[in-house]
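A quick write-up on the structure given underneath.
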Amino acid sequence: MRALAVGFLASWTEAKTGAAHLPPASLEVPIMRRPFAAAAAGLVLVAGAGAAACSSSSSPPHTSHGAAAQAPAAPAPADTNPPGDIPDTQVFVPWSPPGGGFTVKVPEGWSRTAQGRATVFTDKFNSVRVERVHATTAPTVNSVRAHDIPAIRAASQHFSLVKVTTVQRSGGRAVLAEYHADSRPNQVTGKRVSLDVQRYAFYKAGKGEVVLTLSGAVGADNVDPWRTVTNSFQWA
């Protein structure tokens, strides 16, 4: 390009003056710098646009109105005790029927109701039922299976027998029947819950039979409280 420019100026000068004459060096600068300056400016604009595009594509997206995404809520802590568990701090107090004859410890503070010849202590899904039964012979595994279980089945909903065995407690030998059955309907909601039930039949000649029936919601851990009650039974 520079050679063409110089040649053009030399020809123009020769035509005007009749002699070949090269232009001074200062005349070459405008011819050379203007195209390169324009090209450089173009490169700057292109580079600036590319940088802006890169900056725009790399910037993190944001939600509308500037609102940040909310983190999921943490799950609620699980209950430390399932419904129906008798707390370890539960106090037990001795109780005897009006006519005497025996003593058994029952949970303090539970509501007490009379159901025929039985006295029932209840709290939520738990209950301790104490009943004196007229009998002249000691109950056995076979007699409980043959006579008591059919009556219990007939009076229960969703009855399911687990086992009938003989166990030893502090107050003497007892026939233990374990089974599942539904609770009585809730007085407010009418709903029932499935219960674990343990029925202990104690007997002493001349005093008859005493039946302790302990029940609680299926899944509740009441092994220790129930053992406290059954081991506390004593003939007077």
Donor-acceptor pair, S143 side chain versus P139 backbone, under 3.5 Å?
-> no

Does a side chain donor of either R199 or T213 reach within less than 3.5 Å of an acceptor in the other side chain?
-> no

Do L176 and T166 come within less than 4.5 Å of each other through their side chains, counting heavy atoms only?
-> no

D123 side chain to W110 backbone, donor-acceptor under 3.5 Å | no

Below 4.5 Å, heavy atoms only, C-beta onward: do R192 and Q157 meet side chain to side chain?
-> yes

Joint cluster assignment, Y203 & V141, ILVMFWY side-chain distance < 4.5 Å | no

For the pair Q90 (side chain) and E108 (backbone), establish whether a donor and an acceptor sit closer than 3.5 Å, ignoring hydrogens and angles.
-> yes

Same cluster (ILVMFWY, side-chain, under 4.5 Å), V167 and V229 | yes

Test item: T103 and W95 side chains (from C-beta on) under 4.5 Å apart, heavy atoms | no

Shortest non-hydrogen contact from A138 toward R173 | CB-NH2, 4.1 Å

Partner of Y200 by side-chain contact (heavy atoms from CB on, under 4.5 Å), out of V211, V175, L214 | L214

Distance, nearest 0.5 Å, that separates CZ of R153 from CG of D148 | 12.5 Å

Is there a side-chain contact between T113 and Q115 (heavy atoms, below 4.5 Å)?
-> yes

For the student: nearest non-hydrogen atoms of T119 and R112, plus distance | CG2-CG, 3.5 Å

Checking N186 side chain against V188 main chain: does a donor-acceptor pair fall under 3.5 Å?
-> yes

Do F202 and W235 make the cut of ring centroids closer than 6.0 angstrom?
-> no

Distance, nearest 0.5 Å, that separates CZ of R184 from OG of S156 = 10.0 Å

Do I152 and V130 share a hydrophobic cluster (ILVMFWY, side-chain heavy atoms under 4.5 Å, transitive)?
-> no

Inter-residue atom distance I86.CD1 - W226.CH2, 0.5 Å rounding | 7.5 Å

Residue of the set S215, S183, S160 for which side-chain contact (heavy atoms from CB on, under 4.5 Å) holds with V197 = S215

K207 atom NZ: more than 12 heavy-atom contacts under 6.0 Å | yes

Interatomic distance, NE2@H158 vs OG@S194, rounded to 0.5 Å, equals 9.0 Å

Correct closest heavy-atom pair for I149 and A177 would be CD1-CB, 4.1 Å

Any K105 side-chain heavy atom under 4.5 Å of V93 side chain | no

So, N222 versus N126: side-chain donor-acceptor pair below 3.5 Å or not?
-> yes

How long is the span from the CZ atom in F121 to the CZ atom in R129, to the nearest 0.5 Å?
-> 12.0 Å

Say you draw a straight line from CG of D182 to NZ of K191; how long is it, rounded to the nearest 0.5 Å?
-> 13.5 Å

Can L212 be reached from V144 by stepping across I, L, V, M, F, W or Y side chains whose heavy atoms are under 4.5 Å apart?
-> no

Test log, rule side-chain contact (heavy atoms from CB on, under 4.5 Å), inputs R132 and F102 | CA-CA 10 Å; R132 193 163 194 168; F102 65 89; 4.3 Å; yes

Taking all heavy atoms of E209 and all of A135, pick out the closest pair and write down the distance.
-> OE1-CB, 3.8 Å

S111 (side chain) donor-acceptor with T122 (main chain) under 3.5 angstrom | yes

Does S170 reach the main-chain N or O of S232 with its side chain, forming a donor-acceptor pair under 3.5 Å?
-> no

Examine V133 and F233 and state if one hydrophobic cluster contains both, with Ile, Leu, Val, Met, Phe, Trp and Tyr joined whenever side-chain heavy atoms are less than 4.5 Å apart.
-> no

Measure across F92 and P225 and return the closest heavy-atom pair with its distance rounded to 0.1 Å.
-> CZ-CB, 3.9 Å

Neighbour count >12 (heavy atoms, 6.0 Å) for atom CZ, R227 | no

